K.L.:
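The structure follows.
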Amino acid sequence: MATVLVTGGAGYVGSHACKALKAAGHVPVVFDNFSTGWRGAVRYGPLAEGDLLDPAALDRVFAAHAIDAVMHFAALSYVGESVRVPLAYWRNNLAGTLSLLEAMTRHGVGRIVFSSTCATYGEPAGTVLTETDAQAPINPYGQSKLAVERMLADTAAAHGGSHVIFRYFNAAGADPYREIGEQHVPETHLIPLVLDAVAGKRARITVFGTDYPTPDGTCIRDYIHVTDLADAHVRGLEHLLAGGGSLALNLGSGSGHSVRAVIETAAAVTGLPVPAEDGPRRPGDPARLVSGSGLAEARLGWRPRRSDLRTMIEDAWAWHRTGGFEA
Ligand SMILES: NC(=O)c1ccc[n+]([C@@H]2O[C@H](COP(=O)([O-])OP(=O)(O)OC[C@H]3O[C@@H](n4cnc5c(N)ncnc54)[C@H](O)[C@@H]3O)[C@@H](O)[C@H]2O)c1
Ligand SMILES: O=c1ccn([C@@H]2O[C@H](COP(=O)(O)OP(=O)(O)O[C@H]3O[C@H](CO)[C@@H](O)[C@H](O)[C@H]3O)[C@@H](O)[C@H]2O)c(=O)[nH]1
């Protein structure tokens, strides 16, 4: 049993990881500033409210709990927003992680599981992405995450810690027991926006770009169920606790779905029409991001189990109909 500091544990992916940690017998200690997280999502372990950029708040949580390892989810994570306000991304994602790594060093904690992203690869040259592909991000969000990957490598080399870097593709779905799910304000992610449009909470969904070099002209993404991501995090943690070395692994389903395919599947799952209109491209969006790697299975025995598009949208829809967290 490990005590795990979970930064961003009140957020979407972090809260699902906390549930999985508790189910595996570990204690998740959530550290969150609630900038995009929800108090109702903190239900699987203790809470320490604080900001990564506040070293004293970090010192307090490391002093209060015997932390064995860190899972670091806290970040700003919107591709489009990062193009508009890049310095906010550099401050929160890069300086915030620097502050966290300094605190870990002060308190002698060397194990960390980090949420990176397939956005670190940029615009891929081939059809699928593997861990050995060049990383050349095309937006500030991806740049900030790649910089953290480099910072982790330098820190491990100097101080002897170990890390698991997970480059996720697009997180989707919700806890199948409807305890927690995806809720962002404002929402920018495709699947919850589509479900908002179905439910009449917004007038329509806009398809960002219909002239991409893809079969139907819309962007293709690899959607991965959030509970599959959570399972990978527990495996990554246990790899580090067992003395395993540092890893960088893609977490995707290996299947790509276009924006139009997501809209069509949402209509099929809900039995309702999806009001949609075509619009211009969103700056910073690559045409196609799909994982082509089995490395996470080879190294951690991880395989996605709920990541077919229909199941992810069914779980997201079931969560959507609960009304979500109270503000
Ligand atoms: N959602 C995805 O599709 C996706 C894909 C790839 C990578 N990621 C990465 O996974 C992580 C989690 O993403 P998410 O979708 O759950 O995001 P989220 O916004 O739901 O969660 C982020 C959490 O971090 C907290 N936070 C942010 N800045 C903080 C700070 N300075 N101090 C303390 N807490 C802070 C927020 O309040 C929130 O609870 C992020 O690092 C993101 O970049 C997400
Ligand atoms: O109203 C909308 C919103 C999105 N999209 C498109 O839908 C796709 C998915 O967009 P979105 O759900 O915003 O996710 P991404 O921009 O792909 O980014 C997510 O997935 C990345 C990994 O691919 C993570 O790193 C990010 O944190 C996470 O926000 C993209 O092609 C968008 O252009 C639309 O067409 N209309």
Side-chain angles (χ1 to χ4, degrees), residues 6-17 30-39 41-42 48-54 57-58 71-82 88-89 91-93 95-97 99-100 114-121 129 137 139 141-142 144-145 148 166-173 180-185 187-194 196-197 202 204-210 212 214 218-224 226 229 233 250-252 257-260 262-263 276-291:
V6 183
T7 77
Y12 173 41
V13 187
S15 61
H16 289 78
V30 170
F31 183 85
D32 205 294
N33 67 359
F34 294 99
S35 54
T36 59
W38 300 91
R39 289 181 195 278
V42 184
E49 189 166 350
D51 194 297
L52 287 176
L53 290 157
D54 177 358
L58 285 168
M71 281 191 189
H72 180 33
F73 297 94
L76 297 178
S77 61
Y78 297 148
V79 170
E81 181 183 66
S82 79
Y89 277 69
R91 184 174 61 240
N92 205 53
N93 296 358
T97 306
S99 171
L100 174 67
F114 172 61
S115 305
S116 187
T117 164
C118 64
T120 58
Y121 292 113
L129 289 159
N139 50 61
Y141 165 64
S144 71
K145 290 283 181 171
V148 170
F166 284 130
R167 298 182 190 136
Y168 324 158
F169 288 67
N170 291 51
I180 45 179
E182 181 167 20
Q183 189 168 335
H184 293 112
V185 181
E187 189 53 76
T188 66
H189 292 109
L190 179 64
I191 292 175
L193 285 176
V194 167
D196 279 350
R202 64 179 57 239
R204 67 190 69 79
I205 178 85
T206 303
V207 177
F208 291 152
T210 54
Y212 283 98
T214 60
T218 67
C219 282
I220 290 176
R221 294 287 179 275
D222 179 338
Y223 295 87
I224 180 82
V226 68
L229 291 179
H233 281 71
N250 285 353
L251 295 179
H257 304 285
S258 71
V259 174
R260 286 219 197 287
V262 168
I263 290 172
E277 66 177 5
D278 292 347
R281 292 184 179 196
R282 184 176 66 178
D285 274 345
R288 189 175 194 280
L289 294 172
V290 178
S291 177

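Both counts, for ligands and for their atoms, begin at 1 and track the order of listing. A quick note: this is a predicted structure, and the numbers were derived from the prediction, not measured.
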K.L.:
Starting from atom 22 (C) of ligand 1, what is the nearest protein heavy atom, named by residue and atom, and what distance separates them?
P.N.:
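The protein heavy atom lying closest is Thr36 OG1, 3.7 Å.
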
K.L.:
Going by the order shown, which atoms of ligand 1 are within less than 4.0 Å of some heavy atom of Gly50?
P.N.:
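What qualifies from ligand 1 is 32 (N), 33 (C).
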
K.L.:
So do the side chains of Asp222 and Leu289 get within less than 4.5 Å of each other, counting heavy atoms only?
P.N.:
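No. Closest side-chain heavy atoms not under 4.5 Å.
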
K.L.:
Any side-chain to backbone donor/acceptor pair from Thr7 onto Ala74? Under 3.5 Å, distance only.
P.N.:
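Yes, Thr7 side chain to Ala74 backbone: donor-acceptor pair under 3.5 Å.
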
K.L.:
Would Trp38 count as being in polar contact with ligand 1, using the rule that some N or O on each side must be under 3.5 angstrom apart?
P.N.:
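In fact, backbone or side chain, Trp38 has no N or O that close.
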
K.L.:
Check ligand 1 against Ser77 and write out every atom of the ligand that is under 4.0 Å from a heavy-atom position of the residue.
P.N.:
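Once the distances to Ser77 are compared, the set is 17 (O), 42 (C), 43 (O).
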
K.L.:
Would Arg281 pass as a cation-pi partner of Tyr212, given that its NZ or CZ must be under 6.0 Å from the six-membered ring centre and within 45 degrees of the axis?
P.N.:
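Geometry flag: set, cation within 6.0 Å and 45°.
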
K.L.:
Could you check whether any side-chain heavy atom of Val226 comes within less than 4.5 Å of a side-chain heavy atom of Tyr12, counting everything from C-beta outward?
P.N.:
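In short, these two side chains touch, coming nearer than 4.5 Å.
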
K.L.:
Using a 3.5 Å cut-off on N or O atoms only, is His72 in polar contact with ligand 1?
P.N.:
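By distance alone, the answer is no.
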
K.L.:
So for ligand 1, is Thr117 a polar contact partner (N or O within less than 3.5 Å, distance only)?
P.N.:
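It does not: no N or O of Thr117 is found under 3.5 Å from an N or O of ligand 1.
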
K.L.:
Heavy-atom contacts with His184 under 4.0 Å: which atoms of ligand 1 show up? List them by number with element.
P.N.:
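By the 4.0 Å cutoff, the relevant atoms are 15 (O), 17 (O), 18 (P), 19 (O), 20 (O).
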
K.L.:
For atom 43 (O) of ligand 1, what is the closest protein heavy atom, and at what distance to 0.1 Å?
P.N.:
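For atom 43 (O) of ligand 1, the nearest protein heavy atom comes out as Tyr141 OH, 2.7 Å.
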
K.L.:
Would you check whether Ser116 has a nitrogen or oxygen atom less than 3.5 angstrom from a nitrogen or oxygen atom of ligand 1?
P.N.:
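No, there is no polar N/O contact under 3.5 Å.
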
K.L.:
Considering only protein heavy atoms, which is closest to atom 44 (C) of ligand 1, and at what distance to one decimal place?
P.N.:
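Closest protein heavy atom to atom 44 (C) of ligand 1: Tyr168 CD1, 3.9 Å.
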
K.L.:
When only distance counts, is Asn170 in polar contact with ligand 1, meaning an N/O pair under 3.5 Å?
P.N.:
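Among all N and O atoms of Asn170, none is under 3.5 Å from an N or O of ligand 1.
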
K.L.:
Can you list the ligand 1 atoms lying under 4.0 Å from a non-hydrogen atom of Phe73?
P.N.:
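Answer, ordered by atom number: 11 (C), 12 (C), 40 (C), 41 (O).
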
K.L.:
Should the pair His184 and His189 be assigned to parallel (<30°), tilted (30 to 60°) or perpendicular (>60°) ring geometry?
P.N.:
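Taking His189 first and then His184, their aromatic rings sit tilted (interplane angle of 30° to 60°).
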
K.L.:
Please indicate whether any nitrogen or oxygen in Lys145 is less than 3.5 Å from any nitrogen or oxygen in ligand 1.
P.N.:
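By distance alone, the answer is yes.
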
K.L.:
Measure the distances from the heavy atoms of Ala41 to every atom of ligand 1 and state whether one is below 4.0 angstrom.
P.N.:
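So Ala41 does not count as touching ligand 1.
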
K.L.:
Under the criterion side chain to side chain contact (heavy atoms under 4.5 Å, CB included), I'd like the reasoning laid out for Trp38 against Ile180: C-alpha separation, chi angles, the key distance, then a yes or no.
P.N.:
CA-CA 10 Å; Trp38 300 91; Ile180 45 179; over 6 Å; no

K.L.:
For atom 16 (O) of ligand 1, grab the closest protein heavy atom and report residue, atom and distance to one decimal in Å.
P.N.:
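It is Val13 N, 2.8 Å.
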
K.L.:
Compute the shortest N/O to N/O distance between Gly37 and ligand 1 and return yes if it is under 3.5 Å, no if not.
P.N.:
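Yes; at least one N/O pair falls below 3.5 Å.
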
K.L.:
Does Glu81 form a side chain to side chain donor-acceptor pair (under 3.5 Å) with Tyr141? I'd like the steps, not just the answer.
P.N.:
CA-CA 8 Å; Glu81 181 183 66; Tyr141 165 64; over 6 Å; no

K.L.:
Report, in ascending order of atom number, the atoms of ligand 1 lying under 4.0 Å from any heavy atom of Ala74.
P.N.:
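Those qualifying, in numeric order: 24 (O), 26 (N), 29 (C), 34 (N), 35 (C).
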
K.L.:
Are the side chains of Ser258 and Arg288 in contact, using a 4.5 Å heavy-atom criterion?
P.N.:
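Answer no - side chains too far apart.
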
K.L.:
Hey, is the main chain of Ala95 close enough, under 3.5 Å, to the side chain of Ser99 for a donor-acceptor pair?
P.N.:
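Checking the backbone N and O of Ala95 against the side chain of Ser99, no donor-acceptor pair under 3.5 Å is found.
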
K.L.:
Heavy-atom contact under 4.0 Å between Asp32 and ligand 1?
P.N.:
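Flag set, Asp32 near ligand 1.
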
K.L.:
Using distance alone, determine whether Ala171 and ligand 1 share an N or O pair under 3.5 Å.
P.N.:
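N/O-N/O distance below 3.5 Å exists for this pair.
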
K.L.:
Between Arg260 and Asp278, is there a salt bridge with N-O shorter than 4.0 Å?
P.N.:
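Answer for the salt bridge query: yes.
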
K.L.:
Only one of Ser116, Ser291, Ser115 forms a side-chain contact (heavy atoms from CB on, under 4.5 Å) with Arg167, so which one is it?
P.N.:
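With Arg167 as partner, Ser116, Ser291, Ser115 yield a single side-chain contact (heavy atoms from CB on, under 4.5 Å), made by Ser116.
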
K.L.:
Does NZ or CZ of Arg39 lie under 6.0 Å from the centre of the six-membered ring of Phe34, at an angle within 45° of the ring axis?
P.N.:
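Yes; both conditions hold, so Arg39 lies above the ring face of Phe34.
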
K.L.:
Could you walk me through whether His233 and His16 pass side chain to side chain contact (heavy atoms under 4.5 Å, CB included), step by step?
P.N.:
CA-CA 10 Å; His233 281 71; His16 289 78; over 6 Å; no

K.L.:
What I'd like to find out is whether the side chain of Arg221 reaches to under 4.5 Å of the side chain of Ile191, using heavy atoms alone.
P.N.:
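No, side chains not in contact.
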
K.L.:
Give yes or no for whether the N/O distance cutoff of 3.5 Å, strictly under, is met between Leu52 and ligand 1.
P.N.:
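It does: an N or O of Leu52 is found under 3.5 Å from an N or O of ligand 1.
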
K.L.:
Any nitrogen or oxygen of Gly11 lying under 3.5 Å from a nitrogen or oxygen in ligand 1? Just yes or no.
P.N.:
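It does: an N or O of Gly11 is found under 3.5 Å from an N or O of ligand 1.
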
K.L.:
For atom 5 (C) of ligand 1, grab the closest protein heavy atom and report residue, atom and distance to one decimal in Å.
P.N.:
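Checking every protein heavy atom, the shortest distance to atom 5 (C) of ligand 1 gives Phe169 O, 3.3 Å.
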
K.L.:
Run through ligand 2 for me and note each protein residue having a heavy atom under 4.0 Å from it, chain first, then residue number.
P.N.:
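Correct list: Ser77, Val79, Thr117, Cys118, Tyr141, Tyr168, Phe169, Asn170, Thr188, His189, Leu190, Leu193, Ile205, Thr206, Val207, Phe208, Cys219, Arg221, Tyr223, Val259, Arg282, Asp285.
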
K.L.:
Applying a strict 4.0 Å limit to heavy atoms, is Ser35 in contact with ligand 1?
P.N.:
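Contact check Ser35 vs ligand 1: positive.
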
K.L.:
Which residue holds the protein heavy atom closest to atom 30 (C) of ligand 1, what is that atom called, and what is the gap in Å?
P.N.:
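The closest one turns out to be Asn33 ND2, 3.2 Å.
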
K.L.:
Return the orientation label for the Phe73 and Tyr168 ring planes: parallel under 30°, perpendicular over 60°, tilted otherwise.
P.N.:
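Taking Tyr168 first and then Phe73, their aromatic rings sit tilted (interplane angle of 30° to 60°).
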
K.L.:
Apply side chain to side chain contact (heavy atoms under 4.5 Å, CB included) to Leu58 and Phe31, showing your working.
P.N.:
CA-CA 8 Å; Leu58 285 168; Phe31 183 85; 3.7 Å; yes

K.L.:
When you compare the side chain of Val207 with that of Ile263, does any pair of heavy atoms fall below 4.5 Å?
P.N.:
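In contact.
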
K.L.:
Could you tell me, atom by atom, which parts of ligand 1 come under 4.0 Å of a heavy atom of Asn92?
P.N.:
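The list of qualifying atoms is 27 (C), 28 (N), 29 (C), 30 (C), 31 (N).
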
K.L.:
Should you measure from each heavy atom of Phe34, which atoms of ligand 1 turn up under 4.0 Å away?
P.N.:
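Every atom of ligand 1 under 4.0 Å from some heavy atom of Phe34: 37 (O).
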
K.L.:
Test side chain to side chain contact (heavy atoms under 4.5 Å, CB included) on Thr97 and His72 and set out the steps.
P.N.:
CA-CA 8 Å; Thr97 306; His72 180 33; 2.9 Å; yes

K.L.:
Closer than 3.5 angstrom, by distance alone: can the side chain of Asn33 be matched with the main-chain N or O of Leu52 as a donor-acceptor pair?
P.N.:
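No; judged by distance alone, with no hydrogens or angles, the pair does not exist.
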
K.L.:
Near Gly8, which atoms of ligand 1 are under 4.0 Å from a heavy atom of that residue?
P.N.:
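Within the 4.0 Å cut-off of Gly8, ligand 1 contributes 23 (C), 24 (O), 25 (C).
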
